[in-house]
Each structure stands twice: as C-alpha cells, then as structure tokens.
There are 2 protein chains.
Amino acid sequence: MSKKKKDYRIPQETIRRLGLYLRSLRKLQQQNFTVVSSSQITSHLNITSDQFRKDLSYFGSLGKRGVGYSVDKLIKHLERVLGVDAECKIIVVGVGKLGSALLAYPGFQNFNFRIVAAFDNDIGKIGRVWEGVKIENILNMEEVVRSLGVKLAILTVPADAAQQVAEKLVACGVRGILNFAPTNLNLPRGIYVLNVDMATELMFLTYFSRKNLAG
Amino acid sequence: MSKKKKDYRIPQETIRRLGLYLRSLRKLQQQNFTVVSSSQITSHLNITSDQFRKDLSYFGSLGKRGVGYSVDKLIKHLERVLGVDAECKIIVVGVGKLGSALLAYPGFQNFNFRIVAAFDNDIGKIGRVWEGVKIENILNMEEVVRSLGVKLAILTVPADAAQQVAEKLVACGVRGILNFAPTNLNLPRGIYVLNVDMATELMFLTYFSRKNLAG
DNA sequence: TGATGTGAATAACTTCACAGCG
DNA sequence: CGCTGTGAAGTTATTCACATCA
C-alpha cells in the first residue's frame, strides 16, 4: 500500500496528455499564476477538466479541494513523472533539410531537452557547426552516443537507410526514437519508436476535411 | 441497404491506418506484386492482418477469399476512400526553417499532394521561389487560397501567431490544418486540426524509454 | 461552497474465432 | 483448402456522477 496505488494500467493517452498539461502550466506560470484549477489548466487545450483530474489521479495528485493546484509543484510533479526533470540529451541523425530545421527548433529547450550532437554521412557537412551543434561523422556515432549516455534520438535519414541506422542506434544504447522516416522500424521489444509520418497525417486530415461537404 | 453497410461508426484509428496500408501497397506494387494477402500488406507494419481486414470491412472490401487483394484495385479503393485519388492542393504558411524543410519534403508527391503556394510575412522571402514554390505575401493569402480552392494547410508559423493565422485560413475556405505550432487552435466545428507537437512527443518517448531501466 | 479525486457506467477500439466463399 | 470478412468477446479509454474535504 505504498503511494503508487494502481499503476497497473495507465492509459498511454494519459501520458501523452501530461506533456500538454506541462505546456499549459508553463504558460500560466509565466502569467504569474501560482494556484490554478483544473479548468484553467485545460481551458486552452481541447481536453475536459474531468479528463485532466482523471489523468492526474493515476499518479497520486496534489490538488487542494475547493482551491486548485500549486503551479510550481504540479510542474515539478509532472516533470518527474515524465522523466524530464533533469536535462535530457538527444541527438539528431541525418542532417538534411528536416534534420537541420529540427536542430534549430526552439521548442525543445523549454522542456529540458538538449540536442548534444548531430550525425550525417555527408563529408561536406561533417565538422561544421549548425545552430550550435557540431555535425559528426555517422561512423563515430557509437563512440559519441555511448560516452554521452544518450538515450533518445531523432531520426531524419532517408527511408531506405532508416532501419539500418535505427539498429545501430539501439546497439549504442538508445532506447527511444522519434522517427521521421516514412518507414516502419523493426526493433527489439523495450525500444520505443514514435513515428511522425507527415504524408499519412495529411491523408488522415484529407478524409475528415472532405466529410460533410454539403454542410 | 445500399453498399455502405455501416459507416455509423468507423474508428478514427482505422482512417489513420489506411494511409499506412496505402504506403505498403505502393511498395508491393513497385516490387511487381499484382495480388497480395492481408499478411503481406501488414508484414512491414506493426499491424496484424486481422486488424487490416477489419479496417477494410468498414468500406466494403474487394478481396477474393483464398486468394487475396488486387494491388492496383485496392490502391485505387483506398485512395478514393481517403480522398486522395485526385491531386490535393496544400499550402505552407510560415516559411521558416521548418516550413522550408517541408516545402522540400519528397514524401507528399507520392500521395497526390502538391504544395501550390507558400506564405510568409518576411519581405526578404516574399517573391522568392523555394523548391519550385513561390513565397507569397501572407496578406494575399485569401485571394490565392480562394482562387486555387485550397482546402488543406500546413501551419508552421510561431506559436503566438498561430491562432490568428489559422482563423484567417478558415475564413479562406481551408478545412484541415496540419499544425506544427506548439499551441492549441480554437476553431469552429467542422474544421479539422492535427497537431504535430514535437516536444510533447519527445516527453512521451522519454516516459516509456525510462521504464524497465532495471532490465 | 467550490474545488478535487475516483468508482461506475459508457464508449471506442482491438482481438478472437469462425463462418463464408473462391 | 486458404484467405477473406465479420459478429462477438475482450480490452482500453473516456465520461459521468458524486463522495470528499479544505
């Protein structure tokens, strides 16, 4: 009967939403709120306050009934749950147009992510520094990733190289991959892959955006 | 009792997977397969063949029992269901680093998407042609979008401009938005928004990639 | 009173098991 | 006989309703 009451089944979607709550809380924090209600937190998100409280309940919550939540405490709590309370090193593999755009993406820093290295196989790019990140030879990936203890990678190589590079990443100790290559990665259990497949997303959108055209 | 047997409830996830099936079928088509089984189609995806057949069943399927599916026919069928059987015009709004990377993204063309225009408010960019797409003044967006009849937009403007720009897009007739700005868009019912929030996705990954660290 | 926290009810989605048919 | 197609069963996730407590 420890404080972890029933972690036996936490919905995946709950985990995904925690990041959104964190973003909302940061915004409220900047606006100098110190205590907020569940409705305030979810008011800018397309999420009900019921859903928010339910999500929080899986982790043992810290609200005060009749009052709300301490912004600072809840941020720390969510950061700890997600594992982003300390700096989180990530690498970018494949410094093409998309990869280099991600090197410059400002949204990572706010959540304790830091891109510590980038890799490519193009001699013309290796050794250069983009957005404060040095582009390394992909042949040196294992050494760099191991020595820095990197656990997360953003994969932006061409589709036909993705599987091979992903396997190498896993061999170096990487445990999570944000995959922008439009191909499915086949990796051992325990390695987490999140596919960001823009063509598929667009098709998904197309389907819905064409419904009810009569209206 | 028409052919649409029970579209009363098609899972959203089914729609999302149709795009993946399409990608798999294209690959098989290139390998000169003309008839394939559900297992072949899903073998490169992390999806069971049961799931595939169930998904297809919502639309009235065209397999032959004991044989499989005609690759060409199934591709046409899925394209029609998704609404990507004819060329689908899209625009990119916000030609920063991410926006210009997406202008060059090769994966759209294979699925009949064509970026017909891009918009920015930076005088230095307006009038230039990147990746074969002319950058237009965002002030002219309404005119261009209306005259071309564009229904889909990729939004890559800064977060604090996103809501305002999105509203303008809707006013121009856009019905679906692929939103890369890390903010929630509040738009009328009937407008579909798909958020691609990279920091949130990374946090999601972080959570899972830290589980079972003892193993 | 006015918020949180949570079991119970409902809804959405997936898996199973097998009938149907070429 | 093999693979498709689909109800039924099972699982996962969301919503509701309300007890709880400062």
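Every heavy atom of this structure was used, including side-chain atoms; hydrogens, water molecules and symmetry mates were not. Numbered from 1 within each chain, the chains take letters A, B, ... in sequence-line order.
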Are any of [X]'s side-chain N or O atoms less than 4.0 Å away from OP1 or OP2 of [N]?
X	N	answer
Gln51(A)	dT15(D)	yes
Ser38(A)	dT4(C)	yes
Tyr69(B)	dG5(D)	yes

> Does the ring center of Phe180(A) lie less than 6.0 Å from the ring center of Tyr105(B)?
Replying inline: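 No.
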Tell me the interatomic distance from [X], atom [atom1], to [N], atom [atom2], rounded to whole angstroms.
X	N	atom1	atom2	value
Phe52(A)	dT14(D)	CZ	P	15 Å
His77(B)	dT4(D)	NE2	C1'	14 Å
Asn46(A)	dT15(D)	CG	P	11 Å
Glu13(B)	dT12(D)	CD	P	15 Å
Arg16(B)	dT14(C)	CZ	P	11 Å
Arg53(B)	dG2(D)	CZ	P	15 Å
Asp50(A)	dT4(C)	CG	P	10 Å
Arg9(A)	dG10(D)	CZ	P	19 Å

>> Tell me if the side-chain of Arg65(B) makes a donor-acceptor pair with the base of dG20(C), cut-off 3.5 Å, by modelled atom types.
In response: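 Answer yes: a donor N or O sits under 3.5 Å from an acceptor.
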> With distance as the sole criterion, do the side chain of Lys64(A) and the base of dG5(C) form a donor-acceptor contact below 3.5 Å?
Replying inline: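 Answer is no: no donor-acceptor pair is held.
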> Any side-chain heavy atom of Gln12(A) sitting closer than 4.5 Å to one from Phe208(B)?
Replying inline: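 In contact.
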>> In the structure I gave you, are the side-chain heavy atoms of Val84(B) and Leu22(B) within less than 4.5 Å of one another anywhere?
In response: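 The answer is yes; the side chains approach within 4.5 Å.
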> Where the side chain of Ser37(B) is concerned, which of dT14(D), dT14(C), dC3(D) is the nearest nucleotide?
Replying inline: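 That would be dC3(D).
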>> Restricting to non-hydrogen atoms, name the atom on Gly96(B) and the atom on Asp120(B) that form the minimum distance, rounded to 0.1 Å.
In response: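 Closest pair (atom of Gly96(B), atom of Asp120(B), distance): N-OD2, 4.0 Å.
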Using a cut-off of 4.0 Å on non-hydrogen atoms, how would the nucleic acid contact of [X] be classed: base, sugar-phosphate, or nothing?
X	answer
Thr14(B)	nothing
Leu62(B)	sugar-phosphate
Arg17(A)	sugar-phosphate

>> Walk me through whether Lys211(A) and Tyr207(A) qualify under side-chain hydrogen bond (donor to acceptor under 3.5 Å, both in side chains).
In response: CA-CA 7 Å; Lys211(A) 307 223 68 151; Tyr207(A) 176 88; 3.1 Å; yes
